[in-house]
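The structure under discussion appears below in the form of structure tokens.
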Amino acid sequence: MNDRLGLLADPAVRGALSRELGWPIEHHAAIPSTQERGRALADAGTSRALVVADEQSAGHGRHGRPWQAPRGSSLLASWVFRPLVADPASFALLAGVAVARALASLGVADAQVKWPNDVQLRGHKVAGVLADAVTAEDGGALVLGIGVNVHQTREQLTELRDIATSLAAEGLAVDRLALLARLCIELERIASSATERRAALEEWRARSATLGREVEVRPPTGAPLRGIARAVADDGALVVDTASGPRHVLAGEVSLVR
Ligand code: BTN
């Protein structure tokens, strides 16, 4: 597969694409974490930035879990949105729809979303989204990080084979540069208006791998709860019908029971 992401190392290419996409791009062959770099830029007052890396030495996901990807295997990127997007809490959820739409535009149909921020192919995680709000007197910023497993072979997925996949492992050849460009377009679209966000939330519901299923939810604090995932509310919360009534879950990890 002819992957063109490495072209971003060329300042002329990077400059041209930055202008075309409307995102000043920083490209790193290797960096601890695009998300931490994005946060540092946001803390320093940067208004918009897109940080992309071919390899991360300290990539992380939600709840501080490590996010590991062999060099050149994944799309690893963080966007700094300043001013802060509207409804930042549900933006991370809707970013999953942006990933699914970007994949669809490149011929990868049927991506599903799993609450809160995962994108799946055939029941296995192919992408994750991480959102960090940075507070500041000017209203602050949102740093949105996305990792997409693109070129990992089945062998490289060994440890995670039961829960994760990659586009290549599903027999799908995708160029990371094209995926990055499509993601910029789809994220902008969702950030652009309340109407677009409502449409994206409807699409989240239609693409959901969670709704209607029996789930166990482990909130960041407190006891896990079990029930049927009935709905996703307009604020992005998962509504779970438990034996003791409906519960509105704003954060946590979900596993499908059956
Ligand atoms: C998750 O599923 O827990 C979210 C994973 C987010 C990973 C991406 S990779 C690019 C960016 N840099 C990081 O360190 N994390 C995010």
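For ligands, and for the atoms within them, numbers begin at 1 and follow the listed sequence.
A donor-acceptor pair is defined here as one N or O able to donate and one able to accept, closer than 3.5 Å; such a pair exists between the side chain of Ser18 and the backbone of Arg14.
Asp54 pairs in a side chain to side chain donor-acceptor pair (under 3.5 Å) with only one of the listed residues (Arg71, Arg176, His27), which is Arg176.
Residue pairs meeting the side chain to side chain donor-acceptor pair (under 3.5 Å) criterion with at least one member in residues 105-116, sequence neighbours excluded, are Ser105-Arg182. Applying the side chain to side chain donor-acceptor pair (under 3.5 Å) test to residues at least two apart or on different chains, the pairs with a partner in residues 81-95 are Arg82-Asp138.
Between Arg39 and Ser33, the closest side-chain pair of non-hydrogen atoms is not below 4.5 Å.
Partners of Phe81 by ring-ring contact (aromatic ring centres under 6.0 Å, His included), not counting sequence neighbours, listed by chain and number: Trp23, Phe91.
A distance limit of 4.0 angstrom between heavy atoms and ligand 1 selects the residues Ser33, Thr34, Gln35, Gln56, Gly59, His60, Gly61, Arg62, Trp67, Leu76, Ala77, Ser78, Asp118, Lys125, Gly128, Val129, Leu130, Ile146, Gly147.
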